[in-house]
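Just follow the structure's listing: the first ligand is 1, and inside any ligand the first atom is 1. The basis for the numbers below is simple: all heavy atoms, side chains too, and nothing from hydrogens, waters or symmetry mates.
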Amino acid sequence: MNGLECKIRQGLLQDVRPMRLPAGIGGDAAGIVDEVGDGVTDVQAGDAVFGSGQETYAEHAVLTSWAPKPSTVSFEEAAGFATPFETALRVLDDAGVRGGHTVLVNGASGGVGSAALQFAVDRGATVIGIASPSNQDYLVSLGAVPTIYGPGLVDRVRALAPNGIDAAVDVAGSGVIAELVELTGNPARVVSIADFSATEHGARVSTGFGRDKTHALREGACLAAAGRLTLPVTQTFPLAQAGAAQAASATGHVRGRIIVTMP
Ligand SMILES: NC(=O)c1ccc[n+]([C@@H]2O[C@H](COP(=O)([O-])OP(=O)(O)OC[C@H]3O[C@@H](n4cnc5c(N)ncnc54)[C@H](OP(=O)(O)O)[C@@H]3O)[C@@H](O)[C@H]2O)c1
């Protein structure tokens, strides 16, 4: 379950992701392949995969991007991989994050944030993660230097990174683009996935609709298989309670991932 899906259900993304009712929902899944389409040669019936498609809150779904599920990762955890992997790698690339950089991730404890943090650490960056007080230890467990959101953010980050911030990624969309630009000193090094006012500050908004995710899924699966990346499942809901799962997601305070499980 992705933060994005509540917005789609509420009709807030009709311009970019139109939905005609009746319709299913859901973008990510993990499971066993039943059938493959014409020209698909890299998986076969019986293989365990994870990936992205449409209407995936379902017992059967068609994936349009996929990768083999690492054998060391549960189906529940792998079901939450696809969107965070693709989004996190895209936004890090857009912000030019590389080894030796000091990177700020706003909203580091959710699905995309947890992935972005760990991919950046794996690239050799120092990551400062922003989350609520209750998630500070969690951020440390993923390899970040933690700080809290709220008033005084710029001063707190400067105290943690006296040599400056090379790039900032806004996952939460919590209205801090001006602060991120101030901290990086360069709007071109600030990228948001959730704050469409970012462009007013000279920063960029990154969207991934329609992109092929295969490369990102394979890169993330390699890290997960090697034990260098995890997206912990903090809540599960059976399919019949998908509405309750969306309500939990809509609080905006998900740690790791919420997963909808099949009977
Ligand atoms: N453009 C794209 O390509 C794209 C792709 C995927 C998702 N998105 C968007 O990205 C956003 C995040 O998605 P997600 O699935 O990662 O969401 P999520 O798993 O629900 O995580 C939301 C996170 O935001 C944090 N948060 C809440 N208030 C905050 C604040 N004031 N400052 C900083 N962090 C705050 C929460 O941390 P605490 O619990 O610690 O407060 C939580 O960990 C959603 O708005 C989604 O629509 C965009």
Checklist entry - Do Arg189 side-chain atoms and Ala95 backbone N/O form a donor-acceptor pair below 3.5 Å? => result yes

Next on the checklist: Atom CD of residue position Gln14 - does it have more than 12 heavy atoms of other residues, nucleotides or ligands inside 6.0 Å?
Outcome noted: yes

Checklist entry - Can you check whether Ser192 reaches Ile177 side chain to side chain, under 4.5 Å on heavy atoms? => result yes

Checklist entry - Can you tell me if Asp170 uses its side chain to pair, donor with acceptor, with the backbone of Gly173 under 3.5 Å? => result yes

Checklist entry - Do the side chains of Lys213 and Phe81 get nearer than 4.5 Å, heavy atoms only? => result no

Item to check | Centroid-centroid distance, Phe85 to Phe119, less than 6.0 Å | outcome: yes

Checklist outcome for this item: Ordered by chain then number, the protein residues lying under 4.0 Å from ligand 1 by heavy atom are Gly3, Leu4, Lys7, Thr83, Thr87, Arg90, Asn106, Gly107, Ser109, Gly110, Gly111, Val112, Ala131, Ser132, Asn135, Tyr149, Val171, Ala172, Ser174, Ile193, Ala194, Ser206, Thr207, Gly208, Gly252, His253, Val254, Arg257

